[in-house]
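Quick one: structure below, then a few questions.
No experiment lies behind these values; they were computed from the predicted model shown. Atom set for the values below is all heavy atoms of this structure, side chains included, hydrogens, waters and symmetry mates excluded. Reminder, nothing fancy here: chain letters follow the sequence lines and each chain counts from 1.
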Number of protein chains: 2
Amino acid sequence: MTEISVSSLGKLFEIANKRQFKKGEFILKPGQVCKTIMFVEEGYLRTFIDKDGTEINTDFTFEGNFTTNLKSLRSASSADNSIQAGEITIIYEFDKDKLLELYNVSAEIESFGRKLLEQLLIAQEEHTNLFKIYSPTERYHYLQTNKPKILQRISLSQLSSYLGIARETLSRIRKK
Amino acid sequence: MTEISVSSLGKLFEIANKRQFKKGEFILKPGQVCKTIMFVEEGYLRTFIDKDGTEINTDFTFEGNFTTNLKSLRSASSADNSIQAGEITIIYEFDKDKLLELYNVSAEIESFGRKLLEQLLIAQEEHTNLFKIYSPTERYHYLQTNKPKILQRISLSQLSSYLGIARETLSRIRKK
DNA sequence: TTTTACTTGTGATAATTGTCACAAAAACTT
DNA sequence: AAGTTTTTGTGACAATTATCACAAGTAAAA
């Protein structure tokens with residue numbers, strides 16, 4: 001994946017804040033300003049928005065991956081979504097301002113940050129294309145073959161909104 | 001938007017390659033390796049993939065915006081999509097290697113590059129969420145109020161695949 | 001282990017969307 | 001301007017999906 005030297009990694013984790021959450025605890029709530037980038041060490045985070053009382057999952061972040069609310073982070077605007085622990089979850093939080101300082105000191109770290117963004121963007125593009133190319137049924141089958149991990153860890157009812165499918169429909173798709 | 005000093009902008013455009021395309025000409029074809037980032041000066045670019053003989057539009061890039069195939073660009077792998085001029089289009093192309101050199105010389109330009117990525121990622125996330133939150137009909141209405149420009153410039157048949165809707169359905173939605 | 005809460009399965013039905021075929025309209029060509 | 005190509009509209013119908021209501025199953029808690 002994205003490589004980085006041991007010394008830069010050390011500098012990065014010097015500014016990191018290790019935190020632990022129980023299942024259901026919130027890392028970010030709507031209205032708050034997101035000030036950190038989170039790295040999941042263990043467990044997973046669920047990102048969702050509330051639409052008329054229904055929760056719609058927009059992302060799941062598993063071990064070894066980063067997440068944040070980029071829009072809120074960039075403009076210091078209030079978030080419109082929630083980030084919640086899906087299990088007992090350990091994360092490292094990187095404060096935005098400290099991160100920007102590090103970028104000024106270390107070109108390697110800035111470059112690492114950029115590569116991370118690139119990865120996230122590519123993944124997001126692929127995810128969007130799922131909806132354009134495939135039907136609900138095909139989307140499920142795509143996950144089955146390309147991202148089986150997510151099927152193992154995320155419950156059917158949580159997955160359905162992530163795939164833009166009604167829970168009942170997903171249940172029926174799965175039966176076959 | 002994303003700010004940059006005049007001197008950095010100058011350096012950027014020193015490495016730029018201005019090119020003009022007629023409607024329908026290809027900037028990138030499947031199998032090719034994407035080696036540049038493109039800035040649209042005039043006209044627009046259509047990004048699409050071929051699914052069993054049908055073209056599915058994944059993106060439209062208008063004046064003042066950047067596009068590329070990030071996956072191909074990053075890993076020097078062959079592209080699975082096409083980028084085509086939707087009208088007479090003038091672009092500035094930035095060679096990846098030259099850009100990386102500039103990043104090493106100018107922190108401001110690297111930071112500019114990062115901010116650009118951030119913008120693209122935020123936009124992409126919002127686009128994905130359209131599919132999770134809204135029905136086809138609602139997606140169209142969302143564009144109507146939030147991105148009317150795209151409706152003015154993109155034909156119905158091109159737009160339908162971008163919204164994940166059948167052409168006929170989109171035609172009927174629009175009637176109301 | 002018994003109760004309670006949450007998740008999943010399922011039937012019935014409505015609503016929406018997709019598909020096919022073709023006509024109408026609009027946009028380009030020559 | 002006439003002809004050609006491309007885009008859009010529409011009807012008819014099939015297929016898929018959403019919604020509602022509730023039963024069954026599973027997991028968590030007491």
Query raised in the report: What is the per-nucleotide protein-contact pattern of nucleotides 18-30 of chain C, from the 5' end, where B denotes a base atom under 4.0 Å from a protein heavy atom, S denotes such proximity for sugar-phosphate atoms only, and - denotes neither?
Result: BBBB---------

Query - Residue pairs, two or more places apart or on separate chains, that pass ring pair (Phe, Tyr, Trp, His ring centres under 6.0 Å) and touch residues 156-176 of chain A - result: A:Phe60-A:Tyr162, A:His127-A:Tyr162

Query raised in the report: Between B:Gln124 and A:Thr128, does any side-chain donor sit less than 3.5 Å from a side-chain acceptor?
Result: yes

Report task. Using whole Å, report how far CD of A:Glu87 lies from C1' of D:dA28. Result -> 15 Å

**Report entry** Distance test, side-chain N/O of A:Ser171 to OP1/OP2 of C:dT10, below 4.0 Å
**Finding:**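 So the side chain of A:Ser171 is outside the cut-off, no N or O lying under 4.0 Å from OP1 or OP2 of C:dT10.
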
Query raised in the report: Can a donor-acceptor pair be found between the side chains of A:Asn69 and A:Asn81 at a distance below 3.5 Å?
Result: yes

Query raised in the report: Whole Å only: how far is the NZ atom of A:Lys176 from the C1' atom of D:dT17?
Result: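 Rounded to whole Å, this separation is 11 Å.
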
Requested in this report: Please name all residues satisfying side chain to side chain contact (heavy atoms under 4.5 Å, CB included) with B:Leu116, sequence neighbours left out, ordered by chain then number.
Outcome: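 With neighbours one apart ignored, the set is B:Phe66, B:Phe112.
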
Query raised in the report: Roughly how far, to the nearest 0.5 Å, is the CD1 atom of A:Ile4 from the OG atom of A:Ser111?
Result: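 A:Ser111 OG to A:Ile4 CD1: 8.0 Å, rounded to 0.5 Å.
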
Query raised in the report: So which of residues 139-158 of chain A are in contact with DNA chain D, with a heavy-atom cut-off of under 4.0 Å?
Result: none

Query raised in the report: In terms of heavy-atom contacts, does NZ of B:Lys132 have more than 12 from other residues, nucleotides or ligands at under 6.0 Å?
Result: yes

Query raised in the report: More than 12 foreign heavy atoms under 6.0 Å from NZ of B:Lys96: is that the case here?
Result: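 Correct, the count exceeds 12.
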
Query raised in the report: Counting only heavy atoms not in B:Lys23, do more than 12 sit closer than 6.0 Å to its NZ atom?
Result: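 Not more than 12 within 6.0 Å, no.
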
Report task. May I ask you to test the B:Leu100-B:Lys98 pair for a side-chain heavy-atom distance under 4.5 Å? Result -> no

**Report entry** Flag for A:Glu125-B:Thr58: side-chain donor and acceptor within less than 3.5 Å
**Finding:**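 There is no such pair between these side chains.
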
Query raised in the report: Quick one: ring-ring contact (aromatic ring centres under 6.0 Å, His included) partners of A:Phe48, sequence neighbours excluded?
Result: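 For A:Phe48, no residue satisfies ring-ring contact (aromatic ring centres under 6.0 Å, His included) once neighbours in sequence are set aside.
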
Report task. Check the distance between D:dA18's P and A:Ile56's CD1 and give it to me in whole angstrom. Result -> 12 Å

**Report entry** Between D:dG25 (P) and A:Lys175 (NZ): distance, integer Å
**Finding:** 13 Å

**Report entry** Euclidean distance, atom CD of residue B:Glu55 to atom C1' of D:dT6 [Å, nearest integer]
**Finding:** 13 Å

Requested in this report: Select from B:Arg174 and A:Ile173 the residue whose nearest nucleotide in DNA chain D is closer to the 5' end of that strand.
Outcome: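 Whichever sits nearer the 5' end wins; that is B:Arg174.
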
Report summary line: Whole-Å distance, B:Phe131 CZ to C:dT16 C1', equals 17 Å

Query raised in the report: Is any side-chain N or O of A:Ser135 closer than 4.0 Å to OP1 or OP2 of D:dT16?
Result: no

Requested in this report: Give DNA chain C the dot-bracket treatment, 5' to 3': Watson-Crick (N1-N3 with N6-O4 or O6-N4) or G-U (N1-O2, O6-N3) under 3.5 Å, [ ] crossing, | other strand.
Outcome: ||||||||||||||||||||||||||||||

